[in-house]
Amino acid sequence: IIIIIKSLVSTPANRARLLSVSSRHASSWLAVIPSKRLNLHLEPDEFQVALKWWLGLDTSSQLRCPYCPVHQLDPLGHHSVTCKGGGDVVLRHNSLRDVFAQFCHRARLGGQLEVGHGSGVDRSRSRPADILVPNWMIGKPAAFDVTVVSPLNSTTLNEAGARSGSAAGKAEVRKHNANDPKCRELGWVCIPLAVETYGCWGVEAQCSISRLAARLALQLQCSKSKAIASIYQRLNLTLVRCNARALLSRARFQHSVSEG
């Protein structure tokens, strides 16, 4: 057992993965009661590859990425879940955005999607609000900006291997630097919803989910803890499902090519 544990933390990438998967709420997707009707399920092949990836087992099959063949797929699946080819990253972003927006509506907070394009003095194409929620804090609207980052990224790997949530924390800073000026001009509060690929949420996201859960609990007449669990379970199941599909799409592409 000691040998296995040492092997799991023998590299910065594995240390970063272990810290991320062991963070609070990261494993909430494993507690979901499967329901196809509620879209709270994984297909068998999605569940299998998700577990392998989650446990740090090799998901690469020694293949190259079909969308950017210069990249060899790595055993921990970092490239597969961050590659911009094939549309998986955009789909994951939009899926998480939509889930958060749905909870805002269930909590009677409202919310508009993709707001801010062409607004402000600079008329830039940026959209600082993936979800704009009115009257979020002290009468000000909140501009929520979803971002998914990998703790295995080379620019954050060392810190991510030493401190849980550091990759999400850096992503929050980047979002503030990019969006704060425009949000201030429009009278909005910029709130990054940063999450690592393994489900470790940033501090600001956790505070916002807690606030959202309090409002949701009032509407559903349930405990806040139950509302928090519901939000994290659906968000993280959505995250893991999208990651599993990104991993599978690359393997299936290679399989179809070899058969052809």
Side-chain angles (χ1 to χ4, degrees), residues 8 13-14 16-61 65 73-103 130 146-153 156 160 164-165 167-168 171 193-202 205-206 208-209 212-213 227-253:
L8 287 175
N14 262 316
R17 181 189 62 80
L18 281 170
L19 283 174
S20 194
V21 299
S22 60
S23 65
R24 191 179 184 188
H25 303 299
S27 61
S28 58
W29 66 279
L30 291 166
V32 174
I33 298 174
S35 170
K36 285 192 174 184
R37 185 176 64 85
L38 298 175
N39 196 28
L40 289 171
H41 73 289
L42 295 173
E43 297 297 337
D45 56 347
E46 292 171 352
F47 185 69
Q48 289 172 16
V49 76
L51 275 183
K52 286 183 67 177
W53 167 76
W54 183 260
L55 294 171
L57 303 177
D58 192 347
T59 59
S60 67
S61 300
C65 178
L73 297 181
D74 58 287
L76 292 179
H78 166 68
H79 178 79
S80 294
V81 299
T82 57
C83 175
K84 294 181 179 179
D88 296 301
V89 168
V90 174
L91 179 62
R92 180 178 61 197
H93 170 275
N94 292 347
S95 298
L96 290 171
R97 176 203 63 192
D98 292 348
V99 169
F100 189 84
Q102 288 164 11
F103 277 113
D130 286 324
V146 177
T147 183
V148 183
V149 293
S150 173
L152 309 189
N153 191 299
T156 58
S164 176
L193 294 177
V195 60
E196 296 177 3
T197 48
Y198 290 104
C200 176
W201 290 84
Q206 291 185 51
S208 296
I209 290 172
L212 173 59
I228 286 177
S230 177
I231 294 171
Y232 277 113
Q233 284 177 7
R234 186 172 283 275
L235 281 171
N236 280 9
L237 181 68
T238 300
L239 174 68
V240 169
R241 180 194 292 130
C242 291
N243 289 338
R245 289 176 178 174
L247 290 159
L248 286 170
S249 69
R250 282 148 182 81
R252 287 169 177 164
F253 183 94

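We number each residue from 1, following the sequence as shown. Because the structure is a prediction, the values reported are computed rather than measured. We use all heavy atoms of the structure for the numbers below, so side chains are in, but hydrogens, waters and symmetry mates are not.
Using a distance-only test at 3.5 Å, with no hydrogens or angles considered, no donor-acceptor pair links the side chain of Ser27 to the main chain of Leu30. Checking side-chain atoms of Ser20 against main-chain N and O of Arg17 turns up no donor-acceptor pair under 3.5 Å. Between the side chain of Gln206 and the backbone N or O of Trp201 there is at least one donor-acceptor pair closer than 3.5 Å. Judged by distance alone, with hydrogens and angles left aside, the side-chain atoms of Arg92 form no donor-acceptor pair with the main-chain N or O of Leu239 at under 3.5 Å.
Between Cys242 and Leu91 the shortest heavy-atom distance is SG-O, 4.5 Å. Ala171 and Ala194 get closest at one heavy-atom pair: CB-CB, 4.0 Å. In plain terms, the two heavy atoms of Ala13 and Leu152 that are nearest each other are O-CD2, 3.2 Å. Taking both residues in full, the closest heavy atoms of Leu193 and Ser208 are given as CD2-CB, 4.4 Å, listed atom of the first, atom of the second, then distance. For the pair Ser164 and Cys200, the tightest heavy-atom approach, listed with the atom from each and the gap, is OG-SG, 4.0 Å. Across all their heavy atoms, Val81 and Thr197 have their closest contact at CG2-CG2, 4.0 Å.
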Do Ser249 and Asp88 pass the side chain to side chain contact (heavy atoms under 4.5 Å, CB included) test, and can you show the C-alpha distance, the side-chain angles, and the key distance before you say yes or no?
CA-CA 9 Å; Ser249 69; Asp88 296 301; 3.6 Å; yes
Report the C-alpha distance between Phe100 and Asp130 in whole Å, list the side-chain angles of each, state the deciding distance to 0.1 Å, and finish with yes or no for side chain to side chain contact (heavy atoms under 4.5 Å, CB included).
CA-CA 10 Å; Phe100 189 84; Asp130 286 324; over 6 Å; no
I would like to know whether Val148 and His93 meet side chain to side chain contact (heavy atoms under 4.5 Å, CB included); could you show each step before the answer?
CA-CA 7 Å; Val148 183; His93 170 275; 5.7 Å; no
Pair Leu55-Val21, side chain to side chain contact (heavy atoms under 4.5 Å, CB included): steps then yes or no
CA-CA 9 Å; Leu55 294 171; Val21 299; over 6 Å; no
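Counting only heavy atoms from C-beta outward, the side chains of Tyr198 and Ser23 never approach each other to under 4.5 Å. Between Asn153 and Thr82 the shortest side-chain heavy-atom distance does not fall below 4.5 Å. Counting heavy atoms from C-beta on, the side chains of Phe103 and Ile209 never come closer than 4.5 Å. With contacts defined as side-chain heavy-atom distances shorter than 4.5 Å, the pair Gln48/Glu43 does not qualify. When side chains are defined from C-beta on, Arg250 counts as touching Cys83, because their heavy atoms get closer than 4.5 Å. Using a 4.5 Å cut-off on side-chain heavy atoms (C-beta onward), Trp29 and Leu42 make contact. Contact annotation: the side chain of Ser60 never approaches that of Asp74 to less than 4.5 Å [non-hydrogen atoms, C-beta and beyond]. Taking 4.5 Å as the limit, every side-chain heavy atom of Leu19 sits out of range of all side-chain heavy atoms of Glu196.
Here the straight-line distance linking atom CG of Leu237 with atom CG of Leu38 works out to 11.0 Å at 0.5 Å rounding. Interatomic distance, Leu73 CG to Leu247 CG, rounded to the nearest 0.5 Å: 8.5 Å. With rounding to the nearest 0.5 angstrom, the NE2 atom of His78 is 12.0 Å from the OG1 atom of Thr59. Between the CG atom of Asn94 and the CZ atom of Arg97 there is a distance of 4.0 Å, given to the nearest 0.5 Å. To the nearest 0.5 Å, the span separating CG on Asn236 from CD1 on Ile231 amounts to 11.5 Å.
If you run side-chain contact (heavy atoms from CB on, under 4.5 Å) between Glu46 and each of Asn243, Leu248, Leu51, only Leu248 comes through.
Other residues, nucleotides and ligands place no more than 12 heavy atoms under 6.0 Å from the CD1 atom of Ile33.
Under the 30°/60° scheme for interplanar angles, the aromatic rings of Tyr232 and His25 are found to lie parallel.
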